[in-house]
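Only one structure is covered here, and it is reproduced in the block below.
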Amino acid sequence: MKTVGQRLMEWFKQNKRELPWRNSTDPYFIWLSEIILQQTRVQQGLPYFRRFIDEYPTVKQLANASQDKVFKLWQGLGYYRRAENMIKTARIVATEFNGVFPKTSGELKRLPGIGDYTAAAIASIAYGEKVAVVDGNVYRVLARLFGIKSVIQTTQSKKEFSSVMLSLMEDFYPGTFNEAVMEFGALHCVPQNPNCNGCILNDRCFAYMHKQVQELPVVKTKKKKKKLFIYYFVVEWNNHLMLNHRKKNEIWKELYDFPSAEYDSEQTDEVILKTIKELNFITPQTVTITTPFSRVYKHQLTHIDVFAQFIRISSNKKPILKRHQNLYLVPRNKVTEYAVSRLVDRYLDDVE
Ligand code: SF4
């Protein structure tokens with residue numbers, strides 16, 4: 001009888017998606033795809049991967065790029081910390097490793113933005129290191145197959161699932177085996193209503209045989225997310241828009257948006273109109289405020305649910321720009337050259 005590993009490998013051969021980084025063992029391509037896919041679905045990430053490879057075919061070329069250019073290319077993917085770490089890692093690999101990624105998961109983990117998962121993926125796919133990749137798909141497949149009831153995504157369970165993966169890996173090429181399990185979870189053993197009756201592993205599957213498919217894997221109960229209410233002031237003057245360069249210690253750090261007021265609860269229009277009168281970069285008597293304000297844009301970040309409204313303020317008088325405030329007047333037709341958050345991009349798409 002075929003082993004679980006053999007069946008998964010056969011399934012992968014017949015069902016895997018053709019993805020550009022799958023035809024390569026170039027660690028740069030693998031790394032780039034893994035960073036892009038860390039919080040992004042494959043379909044959304046694909047065009048970004050292609051754009052990055054076109055623009056920067058090697059890690060040395062990426063290392064020489066400016067942060068603004070990389071952020072612009074990244075625009076729409078969100079979680080800019082990934083892009084920031086990507087540049088740092090590219091620069092370290094280019095300068096300290098002469099453009100060649102380190103060959104073990106242990107060394108790879110020392111680079112910015114590379115955690116256990118990404119290090120294992122690069123080392124196993126590009127270099128054949130026998131190390132297990134454990135992502136959400138792997139947790140789901142193994143928890144169901146073997147009836148593992150440990151709460152997933154803890155340090156303890158990571159070790160447990162990792163050792164189960166290694167015991168299944170046999171002599172298969174580690175990278176391909178890791179990809180096979182992940183792909184099986186992504187396409188077949190999906191979170192809701194997987195096709196168990198047509199599954200190649202149903203005669204070995206604990207969850208199927210014990211009717212526990214929906215109960216496994218066991219996940220941590222999520223913390224309640226914080227709410228953030230942002231009121232953006234879209235100041236227009238003489239065919240220019242005022243942009244704000246966000247500071248390093250803020251969300252969307254170093255991206256551009258509009259000046260704003262932020263609260264942890266929803267505010268009435270009266271409160272916001274009063275706030276506008278107190279803004280020190282416009283002269284209240286010279287502005288016209290468009291009401292009603294824009295619709296509410298909902299935007300989800302990892303720990304925060306954002307609710308944003310945009311308020312158009314036309315000024316007859318040139319706004320006052322103070323250096324420490326990071327405010328800039330930008331010709332309207334040049335705004336698209338600035339890297340903005342996905343939230344601001346959605347607003348600009350609606351109005352521009
Ligand atoms: S039988 Fe169902 S739960 Fe078990 S591995 Fe197959 S798809 Fe997943």
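Just so it is clear, the structure is predicted and the values come from calculations on it, not from any experiment. Every number for a ligand or one of its atoms is a count from 1 in the order of the listing.
Thr104 and Glu107 are linked by a side-chain donor-acceptor pair at a separation below 3.5 angstrom, with hydrogens and angles left out of the test. A side-chain donor from one of Glu34 and Tyr117 sits under 3.5 Å from a side-chain acceptor of the other. Under the 3.5 Å distance criterion, with hydrogens and angles disregarded, no donor-acceptor pair is assigned to the side chains of Ser124 and Glu129.
Between the side chain of Ser167 and the backbone N or O of Val164, at least one donor-acceptor pair lies under 3.5 Å.
The residue Ala207 has no part lying near ligand 1, judged by heavy-atom distances below 4.0 Å.
Applying the 4.0 Å criterion to heavy atoms of Tyr208 picks out, from ligand 1, the atoms 1 (S).
Atom 8 (Fe) of ligand 1 has Cys189 SG, 2.5 Å as its closest protein atom, hydrogens excluded (heavy atom only). Looking only at protein heavy atoms, the nearest one to atom 6 (Fe) of ligand 1 is Cys199 SG, 2.3 Å. What sits closest to atom 4 (Fe) of ligand 1 on the protein, heavy atoms only, is Cys205 SG, 2.3 Å. The nearest protein atom to atom 2 (Fe) of ligand 1, hydrogens excluded, is given as Cys196 SG, 2.3 Å; this is a heavy-atom distance.
Residues Lys223 and His303 fail the side-chain proximity criterion, which asks for heavy atoms closer than 4.5 Å.
Using a 4.0 Å cut-off between a side-chain N of Lys or Arg and a carboxylate O of Asp or Glu, Arg332 and Glu236 qualify as a salt bridge.
Atom 2 (Fe) of ligand 1 lies at 2.8 Å or more from every N, O or S atom belonging to His188.
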